[in-house]
Amino acid sequence: MAQSTVYKASGSKTSGPAESRREASGQEARTRNVATQAATEPDYGPLWRRLFAGALAYVVYFLAGYLLAEAGCLIPVLRDKIGPLSLLAVIELALTAVALLAAAWGGYGAYRIWRGAPKDNQNSTRFLAFSGVLLNVIFGATTLYTGIMLAFSKACSWV
Amino acid sequence: MAAIGSLRSAGKKRQPIEEPVGGSPEEQLDRLWADPPGFLGWFASLQNDALGTRIMAVAFIFFLAGGVNALLIRLQLVRPQADIISAQTFNEAFTMHGSTMMFLFAVPMLEGFAILLLPFILGNRDMPYPRLGAFTFYIFGLGGLLFFSSYLFNAVPDDGWFAYTPLSGPYFSPGLEMDFWLLALGVAEVGAIAAGVEIIIAVLHMRAPGMSIGRIPIFAWAFLVMAVAIIFAFTTLFVTTMMLEADRHFGTQFYNPVLGGSVLLWQHLFWIFGHPEVYIQFIPAAGMVSMIVPVFSRQRLMGYNYVAMALVSTGFLSFALWAHHMFTVGLPQVTASFFSAASILIAIPAGVQIFSWIATIAAGRPVWRTPFLFVLGFLIIFVMGGVTGVMVGVAPFDWQVHDSYFVVAHFHYVLIGGVTFPVFAAFYYWFPKVRGRLLDERLGKLNFWLMFVGLHLTFFPMHIVGLLGMPRRYYTYLPGLGWDIYNLVSTVGAFILAAGILTFVVNLFYSLRNGEPAGGNPWGADSLEWATSSPPPSQNFTVLPIVRSRHPLWDQAELHSGEERMVRFTEALGRWPLHWRAAVTTSLVDAKPKEVFRLAGPSHWPLVVSVGLITIFAAEIFLLRSLVLGGGALMVIGLIGWHWPNRIPITEEELAFEREHGVEVRPNGSRTVARWGMWLLTLVLGVALATLLYSYFYLRLQSPIWPPETIPAPALTLPVAAALLAVVTALAMLWTKRRIAADRVGAARIGLIIALLAGAAASALLYVHMTGLPFDHMQHAYGSIFYTLSGLLLVLTVGGLGQTLFTLVWAFRGRYSGREHVAIEVGQDMWAALAAFWVITTAILYGAPYLT
């Protein structure tokens, strides 16, 4: 049977629309103290930042790296050699390192929060913290994998 | 059942404010939420289940039409050198088949599911923007009709679902065919974006009390990711297609390499949409699978947290794959590495989900009903398609099979296995919720086996024939190449697949009348949609459930118990307020009640706006510019009517409710929903701007001299002054918001006037500057992108001024106070974004030529 009918409302407090449309006094409407404590949440800001650190770093890394790679064949200086690698490859690898650091920061921070969270998997803090560990691991791995491939790729070699 | 049926038909007249209502609270609510009766009432309908079902029904009709085109393709290829249809008809058939399935079936069908089910699954009374849902339905349906009306004009699109330039450009496709493709599908895309906006807000802020972030059903996680991806992908596609239409009708040169454009720019932009599009379809389908597997395995989903994050990471990664469709066009090796890496690694989150489903099934006690069979079919087929996906993600392998039937086999395994099978599972699973009757089980099993066998017979041979070298999109082939038998088997398989789909249609009509009555929860499921009757009452829930578990119907003996404060709130809401359609917003993470707010009532305005918009796009196909203007005027009238404030003063009763429960009562609409709506609109516009800026840089990289020698670098003075004025506008709005928050109405009016004047001055300066430029949009791609970016700024600013002007009018009519000033808040958000757009665009347009 429908759960929506489980609750049997008394209806005793229900009044007709005409009656209920009596407008509150303007003064009260302006000055009423709206109690919104019910919706007050803990500050999840640090958790959100760690949750998406690796993912957002990967997005920036991907865009910057891809655009640089496109520009690599048009800007000769990017093809200059620094040891065995081109300048482009060096910059790309440096970007890889920065993105990896961001993922490590996010992942480790999330892990620490997860360790300290209540042992209830449906607890919001624990859920978000563990999600942060997972997301940072996957995007750290993606960044690392991309970076390794870049080390073997030749700047402006066309495929 | 009968009682519910009578309740549903009881909605006679919907004037929620004045109409006295009687009876129990449940009956009153049902009448209050019911759609208006009659023919005209049908067009004013806003109920989430009505709209969702309609969208799905129309999408299914398009699915059948796309399927007929597929059968034409297979018929022509049944034997070598067949002459069943002409080469031209073959081109039309594969174009219409692909375009229909991608734009008019899969995404609308899934969005229909979302609009239909999300409010139930989330435990709320409706979607946050019911009128936007109606707009989605009309604009998608009308856009699809416009697309198929190309048959009436003998101008059927024939350039493939990807519409590559230069074939689709004005030189090689001078007829109306590609205009139909670009404009009809373009307008349908607007509907997809609109639905995406309300899906996001629903999942973030319209969950049942207690449904904290760790308890959100996977269905909702999946549709959230899908909706975010839609905002990015479909906006990009819309801008991309409009750029091509501008090339065709307005003389721009975006894709003309002779005058600084680039045909590869189209491919980049199209696939920035096109690849996420695959995941836009797969992710929600996976979400539906994650709902069905536990129910039929009698086992909780293994690794909920892993699955949720797999969906999120898939959403991110799906935007890093697009160029794997372009490995053969000649990419720098480093560029190809980026895309190859992401293409391979996206298998990890997909694999996480597959292992989760397998583990859930292995740990459970499966019940072999039709929805479960379709899910198992999905698992087998999708894994096969996924493995070949990893193969084509490797660039050297892709070079060998690109544009061969191997790729056709791969993506049909992914799309039919990964999307169509879950959709059919979902039909069988949720049909009883909507109609109160089960689909017939015997026909269902026949349906499944015909589709399963038909799919493999159709597409497995394509792997082989592709490796043997058969290319896609060729209307015939020579005998003696070793392809004949594989094509024959594929064609036979296609007809078996079609027979399976036909069986579903038969089942649908049979079961509408003869299906076994379902009851509230026929599958013994765990999620909230099964907590209402089948079919559900108009208000979905009289008393909102209080969620204390990821599986509320399995773990909670009582849905209305919990924290005392929450119980009192939900019970009070069940019997009050009954004067307007009250829904609840909850906080982002912990789902604590935030607001009780009035949802919009039935309205014809979404239809008016949709007719206006479709008129613009349809008239442009035929270059009927006066009709375009007429459509624009109709749309503006519709938008004004849609948003015309219907202010309801707050009552003492409502204030008392607010004080007692600590939850804001907003009879004039939700602040949370309004602000999220504006943020998401801003995001859409930001993505549109980013698409154009990407195009600017791409074209610039292709051109040795920028601007070209014939065009002088633009002067700086006027545009910089205009950008500064845009910043002043944003600051004035910020000041206005602070004044009104302090209840200083007079000062706020002055702030609005300053904002209006500064914004108007910015627009005027930019307009004067543009009209005095020594080049136009037609002589070079530089001019095309320059005018488009500047024009976008101008249009957005004029639109923003319209909003501010209305706000000013209402400010002088005394509508705003320290408590009630949502329009000013969203106006401030909007102008902050517009100022950022001005600064970024001005810096790039006027700085880049000097820097380079």
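These numbers come from a predicted model, not from an experiment.
For B:Y694, the part lying near chain A is the side chain, with the backbone staying farther off; criterion is any non-hydrogen pair under 4.5 Å. Contact of B:R215 with chain A is made through the side chain alone, with heavy-atom distances under 4.5 Å. Using a 4.5 Å cut-off between heavy atoms, A:Y44 contacts chain B through its side chain alone, with no backbone atom that close. In this structure, no portion of B:A310 lies under 4.5 Å from any heavy atom of chain A. For A:L63, no part lies under 4.5 angstrom from a heavy atom of chain B. For B:I213, the parts lying under 4.5 angstrom from a heavy atom of chain A are both the backbone and the side chain. At a 4.5 Å heavy-atom cutoff, B:L544 makes no contact with chain A through either its backbone or its side chain.
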Given side-chain contact (heavy atoms from CB on, under 4.5 Å), test B:L573 with B:R125 step by step and report yes or no. CA-CA 12 Å; B:L573 186 70; B:R125 287 177 173 170; 4.3 Å; yes
Starting from the C-alpha separation in whole Å, work towards a yes-or-no answer on side-chain contact (heavy atoms from CB on, under 4.5 Å) for B:R565 and B:V663. CA-CA 11 Å; B:R565 185 176 188 156; B:V663 177; over 6 Å; no
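Between chain A and the options B:F319, B:F316, B:Y698, the largest number of non-hydrogen pairs under 4.5 Å is found for B:F316. With chain A as partner, the option from B:P209, B:A320, B:S340, B:S212 having the largest number of non-hydrogen pairs under 4.5 angstrom is B:A320. Between chain A and the options B:D590, B:T335, B:L345, the largest number of non-hydrogen pairs under 4.5 Å is found for B:D590.
A side-chain donor from one of B:Q539 and B:T542 sits under 3.5 Å from a side-chain acceptor of the other. Under 3.5 Å, the side chains of B:N305 and A:S131 contain a donor-acceptor pair of N or O atoms. A donor and an acceptor atom, one from each side chain of B:S817 and B:E820, are nowhere located under 3.5 Å apart.
Classification of the B:F569-B:H661 ring pair by plane angle, with boundaries at 30° and 60°, yields perpendicular. Between A:Y61 and B:F338, the two ring planes are tilted [angle within 30° to 60°]. Using the six-membered ring where Trp is involved, A:Y66 and B:H268 have ring planes that are tilted, between 30° and 60° apart. Below 30°, between 30° and 60°, or above 60°: for A:F130 and B:Y306 the angle between ring planes is above 60°, a perpendicular geometry.
Contacts between residues 46-59 of chain A and chain B, defined by a heavy-atom separation under 4.5 Å, are made by A:W48, A:F52, A:A55, A:L56, A:Y58, A:V59. Contact residues of residues 105-125 of chain A toward chain B are A:N121, A:Q122, A:S124 (heavy-atom distance under 4.5 Å).
The side chain to side chain contact (heavy atoms under 4.5 Å, CB included) test with B:Q556 is passed by exactly one of B:P545, B:S561, B:S549: B:S549.
Ion pair B:E664/B:R666 flagged as a salt bridge, since at least one NZ, NE, NH1 or NH2 atom sits closer than 4.0 Å to an Asp/Glu carboxylate oxygen. Looking at B:R548 and B:E558, no side-chain N of the basic residue comes within less than 4.0 Å of a carboxylate O on the acidic one, giving no salt bridge.
Within the 4.5 Å cutoff, no side-chain heavy atoms of B:T586 are placed close to those of B:M211.
In this structure, CG in A:L128 is found 10.0 Å from CG in A:L135, a value given to the nearest 0.5 Å.
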